[in-house]
Protein chains: 2
Amino acid sequence: MGITKTEIFTEEQNQIAKIAKVIGHPARVAIIEYLIRVDQCICGDLVEEIGLAQPTISQHLRELKNVGLIKGNIEGTSVCYCIDPINWNHIKALFSSFFDTYKNEACDEQCC
Amino acid sequence: MGITKTEIFTEEQNQIAKIAKVIGHPARVAIIEYLIRVDQCICGDLVEEIGLAQPTISQHLRELKNVGLIKGNIEGTSVCYCIDPINWNHIKALFSSFFDTYKNEACDEQCC
DNA sequence: TTATTATATTGCAATATTACGATTAAGTTG
DNA sequence: CAACTTAATCGTAATATTGCAATATAATAA
């Protein structure tokens, strides 16, 4: 079917999955890492930097914006993109908490 | 095309994306959270707990195993699944480092 | 107004993912 | 061995994703 049964999962599970899915493409990881390195840039910079077509980059930017990882501000004919600081912290906390839930005490033998 | 141009990205970017993609489905998040809660379980438990068909759960388990998030040990007719402690720590560190790369000093105004 | 610049949107083609019924494989029990 | 239990695999339908050419939109410059 290709369709996910979101209704049988919790809000939190769907939220983690939704954000992870967006991070789950190397182009979007590359965009994020570039944005962190240069603080802010426009779509054209990313097209040059990453080497995908402009519509493709634009599409990836939209998905990153949809989940709040980045934000964009119109500046004349171009759009200035950057990490969304507030949301970044929320998402970081969400994933920290997810990864911290597992405690591997003995780290070896207790598990199957 | 539906095909990702992995060759134009770094190993690290592809690795983060690959793992995030696997976490990017609520059923797999639910499986992980359940495994953390109960320590270990068999496929049938997850079929009951989550409410997807057995082949579907089995498929999700394979993907989780492929990226090393979980491991499975054959025990009689059933397979005992659990979080892979060593890999979990690596992956946790990978994502911590990814999220920690961004420092939002002033947290507001410096960005566009 | 007519370029020019920068980005978004549309419309595909190719491929991947999700889900499940049917079946297979492999160990266990009677 | 035959029946049973448990999980993996196969095949397939429905849908989603990726990438890009072509086009549209929107602001600025000449």
Hey, does the side chain of A/Thr56 come within less than 4.0 Å of D/dC20's phosphate (OP1/OP2), counting only N and O? yes

Examine the base of D/dA8 for any acceptor or donor lying under 3.5 Å from a partner atom in the side chain of B/Gln59, and report the outcome as yes or no. no

In whole Å, I'd like the distance from the CG atom of A/Leu61 to the P atom of C/dT9. 11 Å

Could you state whether B/Ile42 and B/Leu69 fall into the same hydrophobic cluster, counting links through intermediate Ile, Leu, Val, Met, Phe, Trp or Tyr residues with side-chain heavy atoms under 4.5 angstrom apart? no

Taking atom types as they are modelled, is there a donor-acceptor pair under 3.5 Å from the base of C/dA8 to the side chain of A/Gln54? yes

A/Ile74 near the nucleic acid: base, sugar-phosphate alone, or nothing, with a heavy-atom cut-off under 4.0 Å? nothing

Does C/dA8 have OP1 or OP2 under 4.0 Å away from a side-chain N or O of A/Ser58? yes

Contact check, side chains of B/Ile19 and B/Phe95, non-hydrogen atoms, under 4.5 Å: yes

Once you round it to whole Å, what is the distance between C1' of D/dA14 and NZ of A/Lys5? 13 Å

Regarding the side chain of B/Glu63, the nearest nucleotide among C/dT5, D/dC20, C/dT18 is C/dT18

Is any side-chain N or O of B/His60 closer than 4.0 Å to OP1 or OP2 of C/dA19? yes

For D/dT9, does either OP1 or OP2 sit under 4.0 Å from a side-chain N or O belonging to B/Arg62? yes

Closest to the B/Arg28 side chain, choosing from C/dT18, C/dA8, C/dT7: C/dT18

Nearest-angstrom distance from the residue atom CD1 of A/Ile57 to P of C/dT9: 15 Å

Under a 4.5 Å side-chain heavy-atom rule over Ile, Leu, Val, Met, Phe, Trp and Tyr, are B/Leu46 and B/Val67 clustered together? yes

d(CD, B/Glu75; C1', C/dG27) in whole Å: 13 Å

When rounded to the nearest 0.5 angstrom, what is the spacing between CG in B/Leu35 and SG in B/Cys41? 4.5 Å

Between A/Ile42 (CD1) and C/dT7 (P), how many Å, whole number? 4 Å

How long is the line joining NZ of B/Lys21 and P of D/dA16, in whole Å? 16 Å

Whole Å only: how far is the CG atom of B/Leu64 from the P atom of D/dA7? 15 Å

Residues in salt bridge (charged side-chain N to carboxylate O under 4.0 Å, His left out) contact with B/Lys65, at least two apart in sequence or another chain: none

Establish, with yes or no, whether the OP1 or OP2 oxygen of C/dA8 is under 4.0 angstrom from a side-chain nitrogen or oxygen of A/Tyr81. yes

Quick one: A/His25 NE2 to C/dT15 P, roughly how many Å, whole number? 15 Å

Earlier contact from the 5' end, DNA chain D, for A/Thr4 and B/Thr6: A/Thr4

So which nucleotide from C/dT15, D/dA7, C/dC20 ends up closest to the side chain of B/Ser78? D/dA7

